[in-house]
There are 2 protein chains.
Amino acid sequence: MPTTAKLASVAALLGDPARAAMLQAMMDGRALTASELAGVAGITPQTASSHLARLTTAGVLAMEKQGRHRYHRFATPAMARLLESLMHVAAEIETPRRAVVTGPRDAALRAARTCYDHLAGRLGVAIADALIEARHIELDSDAGIVTPSGLVLLDHIGIDVAHLGPGGSEKHRRILCRPCLDWSERRPHIAGRLGTALCRLSFEKGWVRRVEGSRAVAVTPKGQRAFREVLGVRPG
Amino acid sequence: MPTTAKLASVAALLGDPARAAMLQAMMDGRALTASELAGVAGITPQTASSHLARLTTAGVLAMEKQGRHRYHRFATPAMARLLESLMHVAAEIETPRRAVVTGPRDAALRAARTCYDHLAGRLGVAIADALIEARHIELDSDAGIVTPSGLVLLDHIGIDVAHLGPGGSEKHRRILCRPCLDWSERRPHIAGRLGTALCRLSFEKGWVRRVEGSRAVAVTPKGQRAFREVLGVRPG
DNA sequence: GGAATGGTTCGATCAAGACCGTAGCAATGG
DNA sequence: CCATTGCTACGGTCTTGATCGAACCATTCC
């Protein structure tokens, strides 16, 4: 009942290295099997199964079973934001001892990655900056809106504005546009249904592609052009 | 050293009820003493001291000595955002969810196969994507609907819409359209009576044929054209 | 109908750490 | 100086839970 107790229990679930590794592996929004998760966490399937059962009964994960496979994913996108917040704090906590030797993989993550179902990293922040600069969207600290010119742009690049719009039929639809504080850039990028749509479009149009075995995404040459010419994104 | 380990250690620090209570008490930005924090957490000062020492050496809290008092506060504002994210997830976790089904393997199988009685693999997912893109269907996480334009299309290609329609006489008919999580693609394709009908049609029209001794199916040249021209399926 | 594979349950082991009582340290006030 | 107060260090108890081996269950393959 007390929110503090529930808060602590959620945090405790993230507090085990094996579970944290499994959850981080789900950050790109894919649904993974127990065996795969056991692999990334470096534990046996039995142990992974026990962890996953706890996470699922706690409501943190949702399980989809088919045949002899069971796919696990976040129960709510809020989990992705939570993990980003955690990474943010973990990064700021960084001991000054080691002067941040960023491996190539880490560098790729900082350049561009998916944050659950939207784009993050320098790319994600640059997109947000460009859209704000052009007055297509406005981002507040905890909410965002799409301007009329933004609606025109989105329609032009093939995002179904009407389908994204506020007049949705369902009550529990995700918020259209919201800021998500970027873990590496420490500045907001675009989340919400708009973030999801932009991310999806970027994959479908071949502007970005996944980097094998990572949340990082690579911007294709075609994507470089598209982001610059269509969205007005400036590199850096 | 790996960010995952640090992430987990930070989360573990928040995962104890006593520590969580103390941290929540600092959410307004005030600096509090060990005794005060022990009070809000319902523990003795000795125990609180031990907790605070851990939080401080971890870099999560900053301590400030003033005479015989020691004031504790967040080391970084990011901590406040982290706690907010935690509260957010803790609040959202009340709502359960659900989803669906799939699963095989092999190169040919990944390209195209049958999943029980409907099409799966890259082909199945591409069909689903195309129909969604064209607004002929909508797929939610656990259900799908066919739009009016979708009904027209189905009728046009020879699928008996009336017989598939929602006005079925029997109570226990299979659901018309539902997503089925693709084993290889990890994204939904179309199942339900619609999926069955599309699969059946594809065989009857010679768009696909079975691969001997396998669940894999091969797309015929005729099928390539048909899927592209009739359903708007894009290769890949 | 087996056999193989993905997944979970059970039981036992074992380490981490949460807690408190007592004692020790440091700063203030007489 | 001694007493008081805020806090920490030490040592002990006890619970939690992370882990793996082995057995079991379910599904699919042959």
Side-chain angles (χ1 to χ4, degrees), chain A residues 4-5 8-23 31-58 61 63-72, chain B residues 4-5 8-9 11-23 31-58 61 63-72 100-106 108-109 113-117 120 180-181 183-184 186 210-216:
Chain A
T4 300
S9 70
V10 172
L13 288 173
L14 309 189
D16 178 77
R19 284 195 293 262
M22 292 192 288
L23 291 170
L32 300 171
T33 68
S35 304
E36 289 167 328
L37 291 167
V40 304
I43 53 180
T44 63
Q46 310 94 292
T47 304
S49 175
S50 135
H51 284 307
L52 291 169
R54 288 189 63 183
L55 291 166
T56 302
T57 60
L61 292 186
M63 199 251 298
E64 308 174 5
K65 63 187 282 191
Q66 166 52 26
R68 53 188 182 188
H69 295 276
R70 280 142 204 233
Y71 294 100
H72 300 83
Chain B
T4 300
S9 71
L13 287 173
L14 309 190
D16 178 76
R19 284 195 292 264
M22 293 192 287
L23 291 170
L32 301 171
T33 69
S35 304
E36 289 168 327
L37 291 167
V40 304
I43 55 180
T44 64
Q46 311 92 291
T47 305
S49 175
S50 147
H51 284 308
L52 292 169
R54 289 189 60 183
L55 290 166
T56 303
T57 60
L61 292 186
M63 199 253 297
E64 191 179 330
K65 297 178 63 168
Q66 277 182 20
R68 56 186 178 189
H69 294 275
R70 280 140 201 238
Y71 292 100
H72 300 267
V100 209
V101 220
T102 336
R105 100 186 142 242
D106 196 309
L109 285 180
R113 65 179 179 273
T114 51
C115 173
Y116 292 94
D117 53 10
C180 178
L181 188 64
W183 157 73
S184 50
R186 310 277 165 99
R210 289 208 178 277
V211 172
E212 193 74 23
S214 166
R215 286 171 50 201

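Naming convention: chains lettered A, B, ... in sequence-line order (proteins, then strands); numbering from 1 in each chain. Being a predicted model, the structure only gives us computed values, none of them experimental.
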Among C/dA18, C/dG6, C/dT8, the one nearest any side-chain atom of A/H69 is C/dG6
Give me the residues of residues 8-21 of chain A where at least one heavy atom lies under 4.0 Å from an atom of DNA chain C, by number, or none.
none
With heavy-atom distances below 4.5 Å as the criterion, would you say the side chains of B/L13 and B/R54 are in contact?
yes
Does A/Y71 reach the side chain of A/L32, with side-chain heavy atoms less than 4.5 Å apart?
no
Tell me the interatomic distance from [X], atom [atom1], to [N], atom [atom2], rounded to whole angstroms.
X: B/R54; N: D/dA9; atom1: CZ; atom2: C1'; answer: 16 Å
X: A/L37; N: C/dG7; atom1: CG; atom2: P; answer: 9 Å
X: A/L55; N: C/dT8; atom1: CG; atom2: P; answer: 12 Å
X: A/M63; N: C/dT8; atom1: CE; atom2: C1'; answer: 10 Å
X: A/L61; N: C/dG7; atom1: CG; atom2: P; answer: 14 Å
X: B/Y71; N: D/dC7; atom1: OH; atom2: P; answer: 8 Å

Collect all protein-nucleotide pairs involving nucleotides 20-22 of chain C in which both atoms are nitrogen or oxygen and the distance is under 3.5 Å.
| residue | atom | partner | partner atom | Å |
| --- | --- | --- | --- | --- |
| C/dC20 | OP2 | B/T44 | N | 3.3 |
| C/dC20 | OP2 | B/T44 | OG1 | 3.2 |
| C/dC20 | OP2 | B/T47 | OG1 | 3.0 |
| C/dG21 | N7 | B/Q46 | NE2 | 2.9 |

Donor-acceptor list for residues 45-52 of chain A side chains, cut-off 3.5 Å, not counting sequence neighbours:
| residue | atom | partner | partner atom | Å |
| --- | --- | --- | --- | --- |
| A/Q46 | OE1 | A/T44 | OG1 | 3.0 |
| A/T47 | OG1 | A/T44 | OG1 | 3.1 |
| A/H51 | ND1 | A/R19 | NH1 | 3.1 |

Under the side chain to side chain contact (heavy atoms under 4.5 Å, CB included) test, residues paired with A/T56 that sit two or more places apart:
A/L61, A/M63, A/H72
If the condition is side chain to side chain contact (heavy atoms under 4.5 Å, CB included), which residues does A/A21 pass it with, not counting sequence neighbours?
A/A41, B/T4
Taken to the nearest 0.5 Å, the spacing of B/L14 CG from B/M22 CE works out to 11.0 Å
Rounded to the nearest 0.5 Å, how far does CG of A/L55 lie from CG of A/L23?
5.5 Å
Check every strand shown and say whether B/T33 touches a base, only sugar-phosphate, or nothing at a heavy-atom separation below 4.0 Å.
sugar-phosphate
Would you say [X] reaches [N]'s phosphate, i.e. side-chain N/O to OP1/OP2 under 4.0 Å?
X: B/S50; N: D/dT8; result: no
X: B/H51; N: C/dC19; result: yes
X: B/R70; N: C/dA27; result: no

